[in-house]
2 protein chains.
Amino acid sequence: MSATASNALPIVQFRSRPGTVDLAWGHPDPATLPIREWAQACVGALRRYGGSALAYGHPNGPGPLVEWLVDRLGRTDGRAPDPPRIFVTAGASHALDLVAGLLCRSGDTVLVDAPTYHLAFRVLADHGVTLAPTPADRDGIDPAATRDLVARLRREGRRVPLLYLVPTFGNPTGRSLAEPRRAELVAVAEQTGLVLVEDDTYRELAYDGPAPPSLYSAAEDGAVIRLGSFAKTVAPGLRLGWLTAAPALVAALAGRGYIDSGGGVNHTNALSMAEFATAGAYDRHLDRVRARYRGQRDALVSAVHRHLPEVTFTTPAGGWFLWLRLPAPIGATALLPYADTNGVSYLPGTHFFVTDTGDTHLRLSFSLFAPDQLEEGTRRLARAMTQLGSAPEPGRPQ
Amino acid sequence: MSATASNALPIVQFRSRPGTVDLAWGHPDPATLPIREWAQACVGALRRYGGSALAYGHPNGPGPLVEWLVDRLGRTDGRAPDPPRIFVTAGASHALDLVAGLLCRSGDTVLVDAPTYHLAFRVLADHGVTLAPTPADRDGIDPAATRDLVARLRREGRRVPLLYLVPTFGNPTGRSLAEPRRAELVAVAEQTGLVLVEDDTYRELAYDGPAPPSLYSAAEDGAVIRLGSFAKTVAPGLRLGWLTAAPALVAALAGRGYIDSGGGVNHTNALSMAEFATAGAYDRHLDRVRARYRGQRDALVSAVHRHLPEVTFTTPAGGWFLWLRLPAPIGATALLPYADTNGVSYLPGTHFFVTDTGDTHLRLSFSLFAPDQLEEGTRRLARAMTQLGSAPEPGRPQ
């Protein structure tokens, strides 16, 4: 059977640039996706649940996946949620959109970590809110300064419903917020009523030991909504994730009009995932991808040390990204056309801030490429930096 | 292998009431869902598309499904859309939520057909809009009066971005808007800039000949957004549908923050559906369910004629519903407790209006039950009506 469709319309989101080691994409290598095991899970779920696997699903998500999540989170996080605290979503981006739809009103000010996941900005902005960066230093969000900022904004009459952050193996930095700051930030949320929306997408991709407990697991009900995902651990095309939150918030989400109308937002896939997970395929696949990504991280870290000695960075203990600080006066935006010319690409740091900053940094994603390609990409980046450094007019490719 | 999960958390949305013929639910009988064929489609899509079936999907929907929709709609509707006019959704309810998120602002007035699909009211209301009924008579929406209403509301300073309706085999009436009114309504939309959101969920469930061409197929770009669904034709748990609209609107949906972040909203299932459809399973299954629902419609129509001679209704040429007018002075709300006592249920007509009206009608859904159960349910309903009619104090069960 042919491996591709005969028509010319695109199938996937990724746009390949032949000849380019494109380190801009936070996507998995399609060759690593669990094709055979997922097919077995689909067949198994349809056999086990019959018509119930194809009927309108329970709005909160089907019981078998919720049960498995309770068990799994009890082993990978600081505390197991109980079922009324779990809601199955159509992916973390969908979850963020749902949560913003519930908590935000047009005109609100929403805080975002600085830097943080750039595409979350647009999800939030679609709800008519103004985005403001949280005060942060090199160790991440500053909880006391965040408390002051919230107080100031509210004194000015602004609603400040939530703060979005990726505190564990973050995008783009790969870093995790240190435990004392986690506790302080949770306390700020509990005291001010600010809801922390904790994007916990990368928890399972821990390479050097367990991930720190989530903010959610340390917080009182209502202070944190934690977004989980199967996009990085199993497959992004499934559009399947979950969130953990206070029972009242889970009930409010399940009661949204469109979920009341259509039932569980990704029911059939959720039951296939329950089958995949309880059959042991989740653990086996996660072991494989964790080993693979660990190897890719190590390869990229070592290549950067070797070929880009003037660049500084913190080795990430998990996730998909390296956050490089460029040697002054090189700017990530000015470097990009030189990189393109040399067959490598990345995202300039400016993408990850809502204010005009970040050009001192760039993000490399190591999820999509094998170690030798990561090495080659780094070599090309070094060449681009040399060319930019010797260019007669910085900022223009020669 | 056991047919049910061992845990107590619910799997599906449907809540069974043992002993009751519950004609309130617009759900398919789980026994009719294409379990074996869907399993084959999942396996086939994973074999054909490999990792591309599990990767982040193209935001507009994967090419193979879009291509099939172009072909299918060319055969079942007045005009085939081209690919830039198609967007694959996570079901019609999701589509309505997406469209409302794009077109509505808090404080807008949104028009809804009267009567129409009740759960759409809540989807729209989640966007902070006020709902107002369109002027309608026994033949459905009155286009000229609708034009006047829009003009009046706008003179009063209201934004009136859209009108929601189910013009083909409608929910709850089962009726289709007559062709002259379709043309007039489309002209009103084209002239006023009111967007018609055409919920076309039931088009394929035509029992007495082809469905009328959609409003979409007769309109200029921008006047109509048509929502399609696989929930009724294949399986609701998949949460898969599509819409057809102007290219600019499709591009705006594909550019929503959460879709840019997560890619196609139901990618893996969309490719499985492409496989299901191109393998011929869609046509075979649709033939089966159409014959089945036609038989169920005929059984219910005949049972109502036999057991409820004082009730009036129009036999629906498609869809899932019978819309009964009760003989005065019986009200659907007063009748409901008598129905419950007799082991039958339905939705009172009041559900389907945003104003305080509709108690003269009730909706029976024939999708979920076999002909003998529909007959028995009707017999019970007749008993309930007799009991209410002879009750000392109407409105209280004896």
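In what follows, chains are A, B, ... by sequence order, proteins preceding strands, each numbered from 1.
Residues T130(B) and V110(B) are not in side-chain contact: their nearest non-hydrogen atoms beyond the backbone lie 4.5 Å or more apart. Using a 4.5 Å heavy-atom threshold, the side chains of P236(B) and L33(B) count as touching. At a threshold of 4.5 Å between non-hydrogen side-chain atoms, the residues D82(A) and V70(A) do not count as touching. Residues L54(B) and P34(A) meet the side-chain proximity criterion, which asks for heavy atoms closer than 4.5 Å. Residues F321(B) and S367(B) have side chains not in contact (no heavy-atom distance under 4.5 Å, counting atoms from C-beta outward).
Note: N269(A) leads N269(A), L96(A), L102(A), T32(A) in heavy-atom pairs under 4.5 Å with chain B. Your options are G57(A), A90(A), A270(A), A39(A), and the one with the most heavy-atom pairs under 4.5 Å with chain B is G57(A). The residue among S229(B), A120(B), S52(B) with the most heavy atom pairs within less than 4.5 Å of chain A is S52(B). Contacts with chain A were tallied for P62(B), A231(B), S106(B), A125(B); P62(B) has the most, counting heavy-atom pairs under 4.5 Å. The greatest number of non-hydrogen atom pairs below 4.5 Å with chain B, out of A95(A), G255(A), S272(A), A100(A), is found for G255(A). Of the listed residues (D126(A), V265(A), V123(A)), the greatest number of heavy-atom pairs within a distance under 4.5 Å of chain B belongs to D126(A). When each of V66(A), D260(A), V43(A) is checked for heavy-atom pairs under 4.5 Å with chain B, D260(A) comes out on top. Comparing H127(B), H118(B), R256(B) by heavy-atom pairs within less than 4.5 Å of chain A, the highest count is held by R256(B). By number of non-hydrogen pairs under 4.5 angstrom with chain B, the leading residue of G262(A), P30(A), A31(A) is G262(A).
If you measure heavy-atom distances from L271(A) to chain B, the contacts under 4.5 Å come from the side chain alone. If you measure heavy-atom distances from R122(B) to chain A, the contacts under 4.5 Å come from both the backbone and the side chain. Proximity to chain A involves both the backbone and the side chain of L238(B), based on heavy atoms less than 4.5 angstrom apart. For A55(B), the parts lying under 4.5 angstrom from a heavy atom of chain A are both the backbone and the side chain. Residue contact with chain A, scored on non-hydrogen atoms closer than 4.5 Å, is absent for V234(B). Of the atoms belonging to L46(A), heavy atoms from both backbone and side chain fall under 4.5 Å from chain B.
No close placement of the F87(A) and W242(A) rings is indicated, their centers lying 6.0 Å or farther apart.
Side chains of T201(A) and Y117(A): a donor-acceptor N/O pair is absent below 3.5 angstrom, by distance only.
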>> Using the rule given for salt bridge (Lys or Arg N to Asp or Glu O under 4.0 Å), can you reason through E37(B) versus R288(B), listing the C-alpha separation, both sets of side-chain angles and the distance that settles it, and then say yes or no?
In response: CA-CA 13 Å; E37(B) 297 92 333; R288(B) 275 199 301 269; 2.7 Å; yes

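Aromatic ring pairs are classed by plane angle as parallel below 30°, tilted from 30° to 60° and perpendicular above 60°; the pair F276(A) and H285(A) is perpendicular. Classified by interplanar angle (parallel below 30°, tilted 30° to 60°, perpendicular above 60°), the ring pair H94(A)/H94(B) is tilted.
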